[in-house]
*Asks:* 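The structure follows.
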Amino acid sequence: MSKEIGITVKKDENFSEWYTQVVLKGQLADYAPVKGLIVLRPYGYSIWESLKSSLDEKLKSLGHENGFLPVLIPQSLLSKESDHFAGFTPEVFWVTHSGDTEVGDRLALRPTSETLAYSMYSKWIKSWRDLPLKINFWNTALRAEIKATKPFLRTSEFLWQEGHTVHSSKEEAEEEVFTILETYRKIVEEELAIPVIKGKKSEKEKFVGAVYTTTIEAIMPDGKALQMGTSHFLGQNFSKPFDVKFLDKQNVETFAWQTSWGVSWRLIGALIMVHGDDKGLVLPPRVAPIQVVIVPIYYSPQDRESVLGKSNVIKEILQKKNLRVHIDSRDEFTPGYKFNNWEMKGVPVRIEIGPKDLAKGKMVVVRRDNQKKMDLSFENTETGILDILGEVQLGLFERAKQFLTEKIIEVTDFEKFKSEIEKGGFLHSPWCGDTKCEEKIKELTGADIRVIPFDGKRSNAPCLICKNLSKTDAIFARGY
RNA sequence: AGGGACGUAGGUUAGCUUGGUCAGACUGCCAGCCUCGGGCGCUGGAUGUCGUGGGUUCAAGUCCCAUCGUCCCUACCA
């Protein structure tokens with residue numbers, strides 16, 4: 001009856017409003033009392049936990065260890081690497097007082113922890129035997145957002161992990177950068193079912209203070225790009241000001257080679273945008289807090305008992321396969337209400353069991369991604385459900401992959417570029433490599449270089465702006 | 001950062017132009033019934049410092065100022 005408890009706008013009619021409703025009504029997060037901050041609710045946090053545990057496991061198997069850094073960084077430390085400081089200072093929150101007393105060296109709420117981490121690393125590293133040092137930190141970062149805040153995509157505080165590694169050679173550090181980027185790709189494509197393009201950022205777009213930045217970039221349904229994760233090669237840019245050095249095997253004091261990298265809860269924002277539909281969230285099974293919801297259908301107390309009994313049996317069978325299963329046995333809601341409610345929350349598979357099903361020895365199974373209904377006999381419970389979950393995970397990825405492929409458009413003509421960018425998408429175009437041309441394109445079209453793909457084709461066409469022969473091709477898009 | 005719109009019950013909102021029974025509706029919530037398979041039906045009940053702070057006035061949800069917050073369209077960062 002009431003549509004107001006559901007999503008009231010269509011995804012392709014008012015994307016921004018749709019997104020906000022999905023976040024709030026799907027109970028992923030809510031607004032905090034301070035602008036730009038959100039509260040993660042259990043349903044949203046549990047998606048983060050899924051991501052966190054699979055990434056954490058992968059990092060540990062690569063030899064990384066977890067640590068924890070404090071949230072306050074003295075200005076004197078934050079400003080040691082000047083480019084880095086200049087890049088972050090507009091969005092730093094400052095702590096100026098403790099109680100009523102003004103602090104001398106004011107304290108930044110960390111916008112990122114390179115400076116703090118490396119001031120510690122310089123104390124810990126003495127010899128080549130101390131390397132590599134590979135520490136990951138699960139924490140939050142704070143960057144002031146004055147306007148245009150958006151849950152998960154743009155908030156003043158966000159959950160993330162930041163990894164900081166130190167190596168004795170340039171080669172080993174660069175290898176680390178690429179290993180991490182590949183790890184990110186796997187997480188995003190295999191867990192979140194979101195296809196990405198791997199590549200490098202331009203000089204203009206790289207992390208401030210890095211030698212270069214690698215990235216995985218995804219496309220959203222509105223044709224805008226979203227950076228999904230970055231892995232930076234810092235070279236010796238930080239080891240020099242922070243005195244991160246070691247005695248090498250030849251007893252020569254050497255500055256170390258460093259990397260840093262991170263992914264944030266922005267991935268959850270991407271997940272919502274990429275897979276969601278007019279009914280709400282659509283979660284890939286690998287990260288869904290609830291993978292299978294069972295809606296029992298009954299009228300009489302006798303039916304209630306037998307239907308719930310069978311539901312529990314099914315639940316236990318599936319739990320033995322390590323599936324996350326929930327029975328919605330609330331008496332106060334009708335089955336129809338529950339169907340809509342769990343669809344809004346994106347549960348990948350729903351099982352309906354009623355008296356008629358019991359009589360026939362089967363259940364009704366409904367896929368969230370394509371709404372297909374089918375009968376499944378009780379004997380085939382585990383294989384049937386496991387197969388369907390696998391199909392949903394794959395199906396979501398394939399659909400997103402096809403969208404990405406369609407939206408990558410080769411453009412060598414600037415007039416066509418301008419018209420295409422209005423439609424949204426990834427424009428694969430020649431570029432001379434000069435920041436001036438990149439800036440010109442940004443100024444004229446609003447698009448920037450999102451990624452210079454590693455496996456990019458060479459168009460050998462002239463740069464869109466200066467007409468010099470392109471050094472490389474880049475993917476241009478408007479971004480979040 | 002620039003432009004536009006808007007804050008009235010948990011949610012969606014009427015009322016504001018023309019200050020004076022204007023504090024209403026729907027939904028949700030609570031209790032009880034109900035053959036509840038796509039937001040079911042019926043009966044009863046609770047819920048508002050009209051975002052906040054000033055001001056004008058005999059009188060402010062309504063007019064003025066400020067402030068906080070939200071949304072939409074452009075410009076920058078995970």
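Chain A is the first sequence line, chain B the second, and so forth, proteins listed ahead of strands; every chain is numbered from 1.
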*Asks:* Whether A:Glu203 and A:Lys206 form a salt bridge (side-chain N of Lys/Arg under 4.0 Å from carboxylate O of Asp/Glu) is what I want to check.
*Replies:*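 A salt bridge links A:Lys206 with A:Glu203.
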*Asks:* Write down the distance separating the C1' atoms in B:G51 and B:U57, rounded off to the nearest Å.
*Replies:*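 To the nearest whole Å, 23 Å.
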*Asks:* Taking RNA chain B as the partner, which of residues 39-47 of chain A come within under 4.0 angstrom of it by heavy atom?
*Replies:*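 When residues 39-47 of chain A is checked for heavy atoms under 4.0 Å from RNA chain B, there are no hits whatsoever.
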*Asks:* Measure the spacing between CZ of A:Arg106 and CG of A:Leu78 and express it to the nearest 0.5 Å.
*Replies:*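 Spacing of CZ (A:Arg106) from CG (A:Leu78) equals 10.0 Å.
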*Asks:* In terms of the nearest nucleotide of RNA chain B, which residue is placed more toward the 5' end: A:Lys373 or A:His232?
*Replies:*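 By nearest-heavy-atom nucleotide position, the 5'-most residue is A:Lys373.
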*Asks:* Please confirm whether any donor atom in the side chain of A:Tyr298 sits under 3.5 Å from an acceptor in the base of B:G37, or the reverse.
*Replies:*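 Checked by distance alone, the answer is no.
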*Asks:* Distance between the P atoms of B:A1 and B:U67, in whole angstroms?
*Replies:*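 About 13 Å, rounded to a whole number of Å.
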*Asks:* Heavy atoms only, 4.0 Å cut-off, all strands: where does A:Phe88 land among base, sugar-phosphate and nothing?
*Replies:*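 Nothing, no nucleic acid heavy atom in range.
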*Asks:* Counting only Watson-Crick or G-U wobble pairs whose two distances fall under 3.5 Å, which nucleotide matches B:C26?
*Replies:*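 Across all strands, the one nucleotide that pairs with B:C26 is B:G11.
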*Asks:* Reckon A:Thr334 has a side-chain N or O less than 4.0 Å from the OP1 or OP2 of B:C40?
*Replies:*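 Checking A:Thr334 against B:C40: at least one side-chain N or O falls below 4.0 Å of OP1 or OP2.
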*Asks:* To the nearest Å, how far apart are A:Glu343 CD and B:G37 C1'?
*Replies:*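 So the CD-C1' distance, A:Glu343 to B:G37, works out to 13 Å.
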*Asks:* In whole angstroms, how far is the C1' atom of B:U74 from the CG atom of A:Leu444?
*Replies:*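 Rounding to the nearest Å, CG of A:Leu444 and C1' of B:U74 are 15 Å apart.
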*Asks:* Counting heavy atoms from C-beta on, name the nucleotide in B:A78, B:G39, B:C77 closest to the side chain of A:Glu205.
*Replies:*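 Nearest nucleotide to the side chain: B:C77.
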*Asks:* In terms of side-chain heavy atoms of A:Glu91, which of B:G37, B:C77, B:U70 is nearest?
*Replies:*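 Selected nucleotide (nearest to the side chain): B:C77.
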*Asks:* Taking the same atom, P, in B:C34 and in B:G15, what whole-Å distance lies between them?
*Replies:*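 The same atom, P, in both gives a distance of 41 Å.
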*Asks:* First locate atom CE of A:Met228, then atom CG of A:Leu271, and finally report the distance between them rounded to the nearest 0.5 Å.
*Replies:*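 Nearest 0.5 Å value for the CE-CG distance: 8.5 Å.
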*Asks:* B:G38, B:G37, B:G39: which one has an atom nearest the side-chain heavy atoms of A:Lys279?
*Replies:*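 Selected nucleotide (nearest to the side chain): B:G38.
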*Asks:* Please write out each protein N/O paired with an N/O of nucleotides 42-49 of chain B under 3.5 Å, distance rounded to 0.1 Å.
*Replies:*
none

*Asks:* When both hydrogen-bonding distances must be under 3.5 Å and the geometry is Watson-Crick or G-U wobble, what is B:G37 paired with, if anything?
*Replies:*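 Checking every strand shown, B:G37 finds no partner, since no pair has both distances under 3.5 Å.
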*Asks:* Measuring to OP1 and OP2 of B:C76, would you say a side-chain N or O of A:Lys442 lies under 4.0 angstrom away?
*Replies:*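 Answer is yes, contact under 4.0 Å.
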*Asks:* Report the residue from A:Arg367, A:Arg368, A:Arg350 that forms a salt bridge (charged side-chain N to carboxylate O under 4.0 Å, His left out) with A:Glu343.
*Replies:*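 When salt bridge (charged side-chain N to carboxylate O under 4.0 Å, His left out) is applied between A:Glu343 and each of A:Arg367, A:Arg368, A:Arg350, only A:Arg350 qualifies.
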*Asks:* Please work out if A:Lys338 contacts a base, only the sugar-phosphate, or nothing of the nucleic acid, heavy-atom cut-off 4.0 Å.
*Replies:*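 Touches nothing.
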*Asks:* In whole angstrom, give the distance that lies between atom NZ of A:Lys204 and atom C1' of B:A75.
*Replies:*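 Result: 11 Å.
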*Asks:* What contact category does A:Pro90 fall into here, base, sugar-phosphate, or nothing, at under 4.0 angstrom with non-hydrogen atoms?
*Replies:*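 Here A:Pro90 touches no strand at all.
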*Asks:* Measure from CZ on A:Arg350 to C1' on B:G39 and round the result to the nearest Å.
*Replies:*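 The answer, rounded to whole Å, is 12 Å.
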*Asks:* Output the rounded distance in Å from OH (A:Tyr337) to C1' (B:U27).
*Replies:*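 Value for this atom pair: 11 Å.
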*Asks:* Run the salt-bridge test on A:Arg185 and A:Glu182 with the 4.0 Å N-O cut-off and return the result as yes or no.
*Replies:*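 Result for this pair is yes, salt bridge flagged.
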*Asks:* For nucleotides B:C77 and B:U18, find the distance between their P atoms and express it as a whole number of Å.
*Replies:*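 So the two P atoms sit 47 Å from each other.
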*Asks:* Answer with base, sugar-phosphate or nothing: what part of the nucleic acid does A:Asp331 contact at a heavy-atom distance below 4.0 Å?
*Replies:*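 Contact class for A:Asp331: none.
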*Asks:* What is the separation between atom NZ on A:Lys362 and atom C1' on B:G37, rounded to the nearest whole Å?
*Replies:*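 Distance check: A:Lys362 NZ to B:G37 C1' gives 10 Å.
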*Asks:* Between A:Glu49 and A:Lys52, is there a side-chain N and carboxylate O pair less than 4.0 Å apart?
*Replies:*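 Salt bridge between A:Glu49 and A:Lys52, a charged N being under 4.0 Å from a carboxylate O: no.
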*Asks:* For A:Val263, answer base if it contacts any base atom (sugar-phosphate contacts may also be present), sugar-phosphate if it contacts only those atoms, and nothing otherwise; contact means non-hydrogen atoms under 4.0 Å.
*Replies:*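 Nothing, no nucleic acid heavy atom in range.
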*Asks:* Heavy-atom nearest nucleotide on RNA chain B for A:Pro151 versus A:Asn340: which residue maps closer to 5'?
*Replies:*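 With A:Pro151 and A:Asn340 compared, the 5'-side residue is A:Asn340.
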*Asks:* Pairing check on B:A60: which nucleotide meets the Watson-Crick or G-U wobble criteria with it, both distances under 3.5 Å?
*Replies:*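 The answer is none; no pair meets the criterion.
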*Asks:* Is A:Arg330 salt-bridged to A:Asp328, going by a charged N under 4.0 Å from an acidic O?
*Replies:*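 Counted as a salt bridge, because a side-chain N and a carboxylate O are separated by less than 4.0 Å.
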*Asks:* Would you mind classifying the nucleic acid contact of A:Gly354 as base, sugar-phosphate or nothing, using non-hydrogen atoms under 4.0 angstrom?
*Replies:*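 If one applies the 4.0 Å heavy-atom cut-off, A:Gly354 turns out to touch a base.
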*Asks:* Which atom names give the shortest non-hydrogen contact between A:Lys345 and A:Tyr43, and what distance separates them?
*Replies:*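 Of all heavy-atom pairs spanning A:Lys345 and A:Tyr43, the closest is O-OH, 2.7 Å.
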*Asks:* Touch check for A:Gly446, heavy atoms < 4.0 angstrom, all strands: base, sugar-phosphate only, or nothing?
*Replies:*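 Sugar-phosphate contact only.
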*Asks:* Could you tell me how far apart A:Phe15 (CZ) and B:C71 (P) are, to the nearest whole angstrom?
*Replies:*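 After rounding, the reported distance stands at 15 Å.
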*Asks:* Between P on B:C77 and CG on A:Asp83, what's the gap in Å once rounded to a whole number?
*Replies:*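 After rounding, the reported distance stands at 15 Å.
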*Asks:* A:Thr112 near the nucleic acid: base, sugar-phosphate alone, or nothing, with a heavy-atom cut-off under 4.0 Å?
*Replies:*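 No contact at all - A:Thr112 keeps every heavy atom at 4.0 Å or more from the nucleic acid.
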*Asks:* Tell me which nucleotide, if any, is Watson-Crick or G-U wobble paired with B:A31 when both distances must be under 3.5 Å.
*Replies:*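 Here B:A31 is engaged in a pair, and the nucleotide opposite it is B:U43.
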*Asks:* Once you round to the nearest 0.5 Å, how far does CD1 of A:Ile421 lie from CZ of A:Phe426?
*Replies:*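 Answer for the CD1-CZ pair, A:Ile421 versus A:Phe426, is 10.0 Å.
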*Asks:* Using atom C1' in both nucleotides, what's the gap between B:C50 and B:G44 to the nearest angstrom?
*Replies:*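 Taking atom C1' in both B:C50 and B:G44, they lie 28 Å apart.
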*Asks:* Which base sits across from B:U67 as a Watson-Crick or G-U pair, both distances under 3.5 Å?
*Replies:*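 When the pairing criteria are applied, B:G51 turns out to be the nucleotide that pairs with B:U67.
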*Asks:* For A:Lys58, is there an ion pair with A:Asp56 - N to carboxylate O distance below 4.0 angstrom?
*Replies:*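 No salt bridge links A:Asp56 with A:Lys58.
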*Asks:* Which of the following nucleotides, B:G37, B:C77, B:A78, is nearest to the side chain of A:Gln227?
*Replies:*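 From the listed options, B:A78 comes nearest.
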*Asks:* Does the structure show A:Tyr31 stacking with B:G69, if we require the centres to be closer than 5.5 Å and the planes to be within less than 30 degrees of parallel?
*Replies:*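 One would not call A:Tyr31 stacked on the B:G69 base.
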*Asks:* Any salt bridge between A:Lys80 and A:Glu114, counting N to O under 4.0 Å?
*Replies:*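 No.
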*Asks:* Between B:G38, B:C77, B:A78, which nucleotide gets closest to the side-chain atoms of A:Phe158?
*Replies:*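 Taking heavy atoms from C-beta onward, the closest nucleotide is B:A78.
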*Asks:* Hey, what do you get for CD1 (A:Ile408) to NE2 (A:His428), rounding to the nearest 0.5 Å?
*Replies:*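 The CD1 atom of A:Ile408 sits 7.5 Å away from the NE2 atom of A:His428.
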*Asks:* In the strands shown, is B:A78 matched to any nucleotide by a Watson-Crick or G-U wobble pair with both distances under 3.5 Å, and which?
*Replies:*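 Here B:A78 is not engaged in any pair, so there is no nucleotide opposite it.
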*Asks:* Would A:Lys310 pass as a cation-pi partner of A:Phe378, given that its NZ or CZ must be under 6.0 Å from the six-membered ring centre and within 45 degrees of the axis?
*Replies:*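 Relative to the ring axis of A:Phe378, which defines the angle, A:Lys310 lies inside both limits.
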